[in-house]
Amino acid sequence: MNDPQAVTQQIMQQQLMTIGLAMLAVIIAPFAGGFLAGLDRILTARLQGRKGPPVWQPFYDVFKLLGKNQITASRMQLVWMYAYLAIMVFCLIFIALGLDMLLTVFLLGFAGVCLVLGGFSSKSPYSHFGANRELVQMLAYEPVLLLMALAVYFQNKTFLISRIYDSNEPLMYSMWPIFIALVIIITIKLRKSPFDFSTCHHAHQEIVRGILTEYSGSYYALFMIAEWYEIIILLWLVALFWAVPLWVGVLIALAVYFLEMFIDNIAARMTIGWMVKYSWVAAMVLCMTNLVYLFIKRGVF
Amino acid sequence: MGLIEASRLKSPWILHYDTGSCNGCDIEILACLTPLYDIERFGMVNMGNPKHADVLVCTGALNKRSARVLKNLYEQIPDPKLVMVVGTCAISGGVFHNCYNVAGGADKVIPVDVYVPGCAARPEAIIDGVVKALGRLAELQEVARGKKSA
C-alpha cells in the first residue's frame with residue numbers, strides 16, 4: 001500500500017483529473033454564460049410584457065458578429081480586447097483549479113484594467129467617457145472583492161479556493177454580510193441597471209455604446225464571450241459561499257443571477273457618484289463589520 | 001448553410017437614422033419595439049452605434065445637409081449590411097420632392113435594398129420590410145456560395 005511509486009501515481013492521476021476538470025470548465029463556461037445571457041433576455045422581455053428572443057439569441061449574435069467585416073480605429077485596442085478575454089479565461093482556470101483566491105481577484109481586476117485601456121486607446125470621446133466610467137466602477141467594486149478574499153483567509157487561514165470545498169461549514173454562516181456586499185458588487189460588475197454606466201445592455205443611446213463604441217464585428221464578439229466567462233466567474237464566487245454541498249451554492253448563485261436580472265428591470269440608471277457612495281458606504285461597512293467579527297472570533301483582539 | 005450565415009438571418013441589429021422626417025415614421029419604427037409588435041423576438045435590436053449595426057433604417061426626405069451624414073453612417077457599418085428606407089419621403093422625397101433643400105430619396109446617396117412605402121409606414125409593413133431584407137440577404141448569400149463552389 002505504501003509503495004511510493006503508487007502514491008506518486010495516485011497524485012499524478014488526481015492532478016490530471018483537476019487539470020481535465022479545469023479544461024472542461026473553460027470549454028463549458030462560454031456556453032453556460034451565453035445560455036444565462038439568453039435567459040436574461042427572455043426574462044427581461046417577459047417582465048416587460050413581451051415575448052422575447054429565443055434562448056440561443058446571444059449565440060446567433062456572436063456568430064453573426066464573427067462573420068462581419070473587421071473595421072478598427074486603432075490596433076492597440078484589439079490587443080487589450082484579446083488580453084481581456086485571455087485573462088478572463090485564466091481567471092476561470094484559477095477558480096476551477098482551486099488556486100489562490102487573492103490572485104483570482106487580482107486577475108479579475110487586471111481584466112478590468114485591460115478593458116479600460118482598450119477604451120482609452122481609440123480617439124472616440126464616447127469610448128473615453130466609457131473608459132472613465134469603467135474606472136469609477138472598478139473603484140467601487142474592487143475593494144469589496146479584495147476584502148472578500150481577505151475574509152476567506154481569516155476564515156480558512158489560507159487563500160486557497162480548494163480549501164473552501166474541504167471545510168465542514170459553509171462560508172455563509174460567518175460571512176453573510178460579505179455575501180450581501182458581493183451581491184451589490186455583482187450588479188456593478190455585470191453592468192446591470194442601476195449601475196450600467198460604462199456600457200449598457202439595453203438602451204444604447206446615452207453615450208452611444210460607451211467603452212465598446214469602437215469595437216465592431218468579431219472584436220465585439222470577443223467582448224461578449226469574455227462577458228459570458230465573467231458571468232460564470234462571478235457566479236462561481238457566489239457559489240463558493242455554500243460549497244459544502246455544492247448544489248446549494250449553485251442554486252444560490254442562480255438565485256443571485258435572477259435577482260440581478262430583476263433589479264436590472266426595476267431600476268433606472270443612477271448617477272455615478274451615487275454608485276461610489278452606495279458601494280463604499282453600504283458594501284464596505286458590511287465587509288468591515290464582517291472582518292472585525294472574524295478577527296474577534298479568531299481571538300486576535 | 002453555414003453557422004455564421006444562418007446566424008446573420010437571425011440577428012439583424014438595426015441602426016435608425018432620420019434624414020429629415022416629420023417623426024411620423026420614426027414613431028412607427030419605435031412602435032415595433034413595444035410589447036405589441038416586439039421585434040426583438042426576431043433578434044432585432046435597435047442600436048445607437050453604426051459599428052454594431054447590420055441594417056440601416058432610414059426615414060424622411062433626404063435633405064442636402066443630412067446626405068453626407070447618411071453616407072458617413074453607411075460607410076461606418078461593417079459588411080455585410082442592408083439598407084431599408086421607410087416611408088414615402090425616404091423613397092422619393094414624397095411631398096417635399098421639389099423643395100430647394102431636398103435631394104430626394106435616400107437612394108440618391110446610398111444603395112437601398114428594401115423600400116417600405118406608407119405615410120406613415122405601419123409597424124406591420126416595417127416588420128415585413130425587414131423580413132424582405134433578410135430574404136434578400138439570404139439570396140445574396142446563396143449567390144455568393146454558388147460563385148464559390150462554381
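Residue numbers start from 1 in every chain, and the chains themselves are labelled A, B, ... in the order their sequence lines are given, proteins ahead of strands.
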Least distance between heavy atoms, [X] atom then [Y] atom:
X	Y	result
B:P78	A:S216	CG-CB, 4.4 Å
B:N49	A:L212	ND2-O, 4.3 Å
A:D61	B:S11	OD1-OG, 2.6 Å
B:E75	A:I71	O-CD1, 4.4 Å
A:K64	B:S7	N-CB, 3.7 Å

Enclosure of [X] [atom1] (heavy-atom neighbours >12, cutoff 6.0 Å):
X	atom1	answer
B:R41	CZ	yes
B:K81	NZ	yes
B:Y17	OH	yes
A:Y126	OH	no
B:Y37	OH	yes
B:W13	CH2	yes

Q) In this structure, which one of A:Q57, A:Q48, A:K51, A:R50 forms a side chain to side chain donor-acceptor pair (under 3.5 Å) with B:E40? A)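 Testing B:E40 for a side chain to side chain donor-acceptor pair (under 3.5 Å) against A:Q57, A:Q48, A:K51, A:R50 leaves exactly one candidate, A:R50.
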Rounded to the nearest 0.5 Å, what's the gap from [atom1] on [X] to [atom2] on [Y]? Could you check?
X	Y	atom1	atom2	result
A:K68	B:D54	NZ	CG	3.5 Å
B:I4	A:Y60	CD1	OH	14.5 Å
A:R209	B:H52	CZ	NE2	6.5 Å
A:E214	B:K51	CD	NZ	3.5 Å

(Q) Given heavy-atom pairs under 4.5 angstrom as the criterion, report whether the side chain, backbone, both or neither of A:I42 touches chain B. (A)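 Contact with chain B: none, neither part.
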Q) Side chains of A:R41 and B:V45: closer than 4.5 Å at any heavy-atom pair? A)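 The answer is yes; the side chains approach within 4.5 Å.
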Q. Does A:N69 reach the main-chain N or O of B:P80 with its side chain, forming a donor-acceptor pair under 3.5 Å?
A.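 Absent.
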